[in-house]
Amino acid sequence: EADIYQTPRYLVIGTGKKITLECSQTMGHDKMYWYQQDPGMELHLIHYSYGVNSTEKGDLSSESTVSRIRTEHFPLTLESARPSHTSQYLCASSERNRGAEAFFGQGTRLTVV
Amino acid sequence: AQSVTQLGSHVSVSEGALVLLRCNYSSSVPPYLFWYVQYPNQGLQLLLKYTSAATLVKGINGFEAEFKKSETSFHLTKPSAHMSDAAEYFCAFEIADTGRRALTFGSGTRLQVQP
């Protein structure tokens, strides 16, 4: 059983609001990731981190930002939500070595109205 | 550019029939390859992975995949489909020798299992 948690599972919020999606893992993994997934579509990497104080942008340009102050915590923030941000956001973590399995949280489904 | 391609966005099989989900990769260096499954409203779960130890990889739930370098393929198979196998399946890769150390996913294949 993977120990990676995302909150909230579902969020409906108005345009212009600031939101933070939480992701925490208890496996001590150095690497963490955020993927964006539209319904029935592929996953796009938007942010990743190799460890504390390390963050990198992914393949898909995103207006969101991330931080990695603690190993176990990798929150994603949108300063001003827009309807175009409506999507599912998946957090994952893995060990540092190449080819390591990524463990995924259950996702946050965000709807901006 | 390195990528994985999943052929067929939807595959439908009868219960008990062979499952074959196709994945081809494009890379100058053999990558690490993975198959993940996603059930509705859930995150992704690893089915199996190839990391060069053996070309035939066995995974959970009776799935297996064979790495074929000559065909640049990593197709997922299961001899006999169960209703519970209905889900979205993603092929993913990580390039072995670059600084980029994150998984890149294919577009996914939705498997339907008919009774």
Side-chain angles (χ1 to χ4, degrees), chain A residues 1-10 21 23 25 27 29-51 54-60 66 74 88-111, chain B residues 1-10 23 27 29-54 57 59-60 67 74 86-112:
Chain A
E1 191 77 20
D3 296 316
I4 179 164
Y5 308 100
Q6 291 185 243
T7 57
R9 286 292 311 277
Y10 302 92
L21 307 184
C23 176
Q25 51 96 5
M27 297 172 281
H29 288 164
D30 286 324
K31 292 164 66 175
M32 296 190 73
Y33 321 82
W34 278 103
Y35 288 87
Q36 184 175 340
Q37 182 185 32
D38 291 325
M41 303 292 284
E42 63 194 283
L43 286 77
H44 293 284
L45 181 70
I46 52 176
H47 299 283
Y48 59 105
S49 167
Y50 294 141
S54 151
T55 60
E56 303 283 346
K57 288 193 177 295
D59 300 319
L60 183 67
V66 292
F74 192 42
Q88 172 153 261
Y89 293 84
L90 291 166
C91 180
S93 71
S94 72
E95 294 180 353
R96 178 177 290 273
N97 52 292
R98 292 194 184 281
E101 173 186 356
F103 292 87
F104 282 80
Q106 292 192 300
T108 294
R109 186 169 295 282
L110 172 66
T111 302
Chain B
Q2 294 95 351
S3 66
V4 285
T5 302
Q6 292 186 240
L7 298 176
S9 58
H10 289 82
C23 174
S27 172
V29 184
Y32 298 112
L33 292 160
F34 305 77
W35 275 100
Y36 280 84
V37 61
Q38 184 179 33
Y39 298 101
N41 298 316
Q42 298 293 320
L44 278 71
Q45 180 184 9
L46 180 72
L47 281 175
L48 48 82
K49 68 177 182 179
Y50 167 75
T51 57
S52 78
V57 182
I60 63 171
F67 174 77
F74 191 57
E88 189 88 19
Y89 291 80
F90 292 93
C91 183
F93 76 100
E94 178 186 334
I95 300 298
D97 70 343
T98 68
R100 161 69 174 268
R101 289 180 279 163
L103 291 178
T104 300
F105 286 84
S107 56
T109 298
R110 182 169 298 276
L111 176 66
Q112 292 181 314

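Here is the naming used below: chain letters follow the sequence lines, and residue numbers restart at 1 for every chain. No experiment lies behind these values; they were computed from the predicted model shown.
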Okay, A/Gln6 and chain B: the region with an atom under 4.5 Å from a heavy atom over there is neither

CD of B/Gln45 to CD of A/Glu101, rounded to nearest 0.5 Å, is 8.5 Å

In Å, rounded to the nearest 0.5 Å, how long is the span from CZ of A/Phe104 to CG of B/Leu46? 9.5 Å

Just verifying a value: how many Å separate B/Thr51 OG1 and A/Arg98 CZ, rounded to the nearest 0.5 Å? 13.5 Å

A/Leu43 and B/Leu103: CA distance, side-chain angles, deciding distance, side chain to side chain contact (heavy atoms under 4.5 Å, CB included) verdict: CA-CA 10 Å; A/Leu43 286 77; B/Leu103 291 178; over 6 Å; no

Honestly, the part of B/Tyr36 sitting under 4.5 Å from a heavy atom of chain A is side chain

Spatial distance of atom CG (B/Leu44) from atom CD (A/Gln106) [nearest 0.5 Å]: 12.0 Å

Just give me the residue among B/Gly106, B/Gly43, B/Gly108 that pairs up with chain A most often, heavy atom to heavy atom, under 4.5 Å. B/Gly43

For residues A/Arg109 and B/Asn41, report the shortest heavy-atom separation together with the two atoms involved. NH2-OD1, 4.0 Å

Value rounded to 0.5 Å, distance of CZ in B/Phe105 from CE in A/Met41: 15.5 Å

List the steps, then state whether side chain to side chain contact (heavy atoms under 4.5 Å, CB included) holds for B/Gln38 with A/Gln37. CA-CA 12 Å; B/Gln38 184 179 33; A/Gln37 182 185 32; 2.9 Å; yes

So, the part of A/Ala92 with a heavy atom under 4.5 Å from chain B: the answer is neither

